[in-house]
Trainee: 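Here it is, the structure in full.
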Amino acid sequence: MSLLLGVNVDHVATLRQARYALLPDSPNAEPCPLQASLDAIAGGADSITIHVRGDRRHMQERDAFRIREAISVPLNLEMGVTAEMIDIALRLQPEFVCLVPETREEVTTEGGLDVVTRRREVGDCIRLMQKAGIKVSLFIDPVIDQVRTAAELGAEMVELHTGCFGNAIGEDVDKEISRLASAALIGHEAGIQVNAGHGINYQNCRLLENVAHLSEYNIGHSIVARAMRVGMEQAVREMKMLMENYAQ
Ligand code: PXP
């Protein structure tokens, strides 16, 4: 099966909010996350990912509903495990949700969701989503206990946090690859889909070739940054080409 690419367009909204957060209805508000989503799809994105955070620092609820209405590929909503986000997800009806930890101080999602200690509330949230026909992914660190618990809780997918891999230098790179590989193998053996995300870019994505059983990458920052030079469609096309070359 070919490796899929989910494109996270949050940072298009980050740029818009930097200027227009206090002018939500301004006709000048740009850039547009919906247009970026459509351009990403034209470049080959297999799904679009958005994260409506509790602090609304980038994506707004209305962005989510506009994107939901307009796109032709699955929508993946990243969400904190909160009553507010559960309500949004149930109204939005994305194909997938990815449950993430969320604290106000972090710059972006900084660690995986601890599904071992938060087992009960994560399990409740999974059941609510699945009852509504929404598939659930859990964004977890590449730690065996986390993967096993995700499978026990009945999640369809895990997304392994590749942030440490992305930041690793020298011999730590191999260590991170082997942590990811062990976690991916456990997920695969437990029969759940294993995805990867956070900090994946045009250079390090080649190294992930050494991690078997990955189905999908979720990539935001590097693609949005590349889009500043070549446009979103081309930035996504370039990433897809890199992924296709080593997925064969
Ligand atoms: N996956 C999850 C769960 C995330 O929270 C993020 C960051 O928003 C990403 C993937 C994408 O990470 P990056 O922007 O570093 O590509």
Side-chain angles (χ1 to χ4, degrees), residues 4-14 16-17 24-25 32-102 108-109 112-113 115 118 120-140 150-151 153-159 191-198 215-220 223-224 232 236:
L4 301 176
L5 173 62
V7 176
N8 180 318
V9 292
D10 289 346
H11 291 314
V12 178
T14 303
R16 180 195 59 198
Q17 295 303 101
D25 298 320
C32 171
L34 168 57
Q35 188 59 54
S37 304
L38 298 174
D39 293 345
I41 293 165
D46 297 292
S47 59
I48 295 295
T49 297
I50 56 175
H51 185 178
V52 178
R53 295 182 61 107
D55 62 13
R56 303 295 195 276
R57 70 173 65 157
H58 38 52
M59 282 292 164
Q60 307 299 303
E61 235 177 286
R62 62 182 176 283
D63 292 318
F65 282 89
R66 280 183 197 147
I67 291 170
R68 160 80 293 184
E69 282 296 301
I71 64 172
S72 53
V73 298
L75 177 65
N76 173 31
L77 175 72
E78 288 178 5
M79 56 178 269
V81 187
T82 64
E84 182 194 22
M85 291 306 147
I86 290 171
D87 172 61
I88 292 175
L90 293 176
R91 285 187 286 113
L92 185 67
Q93 287 285 312
E95 279 76 8
F96 313 106
V97 292
C98 180
L99 305 186
V100 301
E102 212 180 274
T108 175
T109 313
L113 181 67
V115 297
R118 297 180 67 185
R120 180 176 296 198
E121 57 177 319
V122 171
D124 289 347
C125 183
I126 291 174
R127 278 185 289 280
L128 276 174
M129 293 299 130
Q130 290 176 338
K131 211 168 142 204
I134 301 168
K135 291 200 167 79
V136 181
S137 176
L138 302 177
F139 183 54
I140 54 172
L153 288 172
E156 282 91 355
M157 294 162 272
V158 288
E159 182 176 321
I192 53 180
Q193 181 175 321
V194 184
N195 303 330
H198 204 95
S215 294
E216 182 179 303
Y217 295 171
N218 258 301
I219 308 181
I223 288 180
V224 173
M232 183 57 106
V236 173

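Given the structure is predicted, the values throughout are model-derived calculations rather than measurements.
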Trainee: Assess whether a salt bridge exists between Arg53 and Asp10, defined as any Lys/Arg side-chain N lying under 4.0 Å from an Asp/Glu carboxylate O.
Mentor: no
Trainee: Please name the pair of heavy atoms, one in Val52 and one in Glu102, separated by the smallest distance, quoted to 0.1 Å.
Mentor: O-OE1, 4.3 Å
Trainee: Is any side-chain heavy atom of Ile50 closer than 4.5 Å to a side-chain heavy atom of Asp63?
Mentor: no
Trainee: Kindly give the heavy-atom pair with the smallest separation between Ile71 and Pro74, and that separation in Å.
Mentor: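 For Ile71 versus Pro74, the nearest heavy atoms are CD1-O, 4.1 Å.
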Trainee: Given Phe139, which partner from the list Leu99, Val158, Val100 fulfils the side chain to side chain contact (heavy atoms under 4.5 Å, CB included) test?
Mentor: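 Considering Leu99, Val158, Val100, a side chain to side chain contact (heavy atoms under 4.5 Å, CB included) with Phe139 is found only for Val100.
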Trainee: Between Glu95 and Val73, is any pair of side-chain heavy atoms under 4.5 Å apart?
Mentor: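 No - every pair of side-chain heavy atoms lies 4.5 Å or more apart.
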Trainee: Can you tell me how far apart CD1 (Ile140) and CE (Met157) are? Round to the nearest 0.5 Å.
Mentor: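 Interatomic distance, Ile140 CD1 to Met157 CE, rounded to 0.5 Å: 12.5 Å.
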Trainee: Does a side chain donor of either Asn218 or Thr49 reach within less than 3.5 Å of an acceptor in the other side chain?
Mentor: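 Looking only at side-chain atoms, Thr49 and Asn218 do form a donor-acceptor pair, the distance falling under 3.5 Å.
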Trainee: So, do Ser47 and Leu4 sit near enough that their side-chain heavy atoms are less than 4.5 Å apart?
Mentor: no
Trainee: Quick check: do Ile86 and Met129 have side-chain heavy atoms less than 4.5 Å from each other?
Mentor: yes
Trainee: Among Gln130, Lys135, Gln193, which residue satisfies the side-chain hydrogen bond (donor to acceptor under 3.5 Å, both in side chains) criterion with Glu156?
Mentor: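 With Glu156 as partner, side-chain hydrogen bond (donor to acceptor under 3.5 Å, both in side chains) holds for just one option, Gln130.
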Trainee: Should Arg120 and Asp124 count as an ion pair when the cut-off is N to O under 4.0 Å?
Mentor: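 Answer for the salt bridge query: no.
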Trainee: Quick one: are Leu75 and Leu92 in side-chain contact, heavy atoms under 4.5 Å?
Mentor: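 Result yes, sub-4.5 Å side-chain heavy-atom pair found.
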Trainee: Restricting to non-hydrogen atoms, name the atom on Ile223 and the atom on Met232 that form the minimum distance, rounded to 0.1 Å.
Mentor: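 Taking every non-hydrogen atom into account, CG2-SD, 3.8 Å.
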Trainee: Just verifying a value: how many Å separate Asn76 CG and Asn195 CG, rounded to the nearest 0.5 Å?
Mentor: 8.5 Å
Trainee: Do the side chains of Asn8 and Glu78 get nearer than 4.5 Å, heavy atoms only?
Mentor: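 In short, these two side chains touch, coming nearer than 4.5 Å.
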Trainee: Taking all non-hydrogen atoms of both residues into account, name the closest pair between Cys98 and Glu159 and its distance.
Mentor: SG-OE1, 3.8 Å
Trainee: Is there a side-chain contact between Arg56 and Glu61 (heavy atoms, below 4.5 Å)?
Mentor: yes
Trainee: Do you know which two heavy atoms are closest between Gly54 and Glu84, and how far apart they sit?
Mentor: CA-OE1, 4.2 Å
Trainee: Hey, does Val81 have a side-chain heavy atom less than 4.5 Å from the side chain of Arg118?
Mentor: yes
Trainee: Quick one: closest heavy-atom pair of Ala89 and Ile134, and the distance?
Mentor: O-CD1, 3.8 Å
Trainee: To the nearest 0.5 Å, how far apart are CG in Leu153 and SG in Cys125?
Mentor: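 Atom-to-atom, Leu153:CG and Cys125:SG are 11.0 Å apart.
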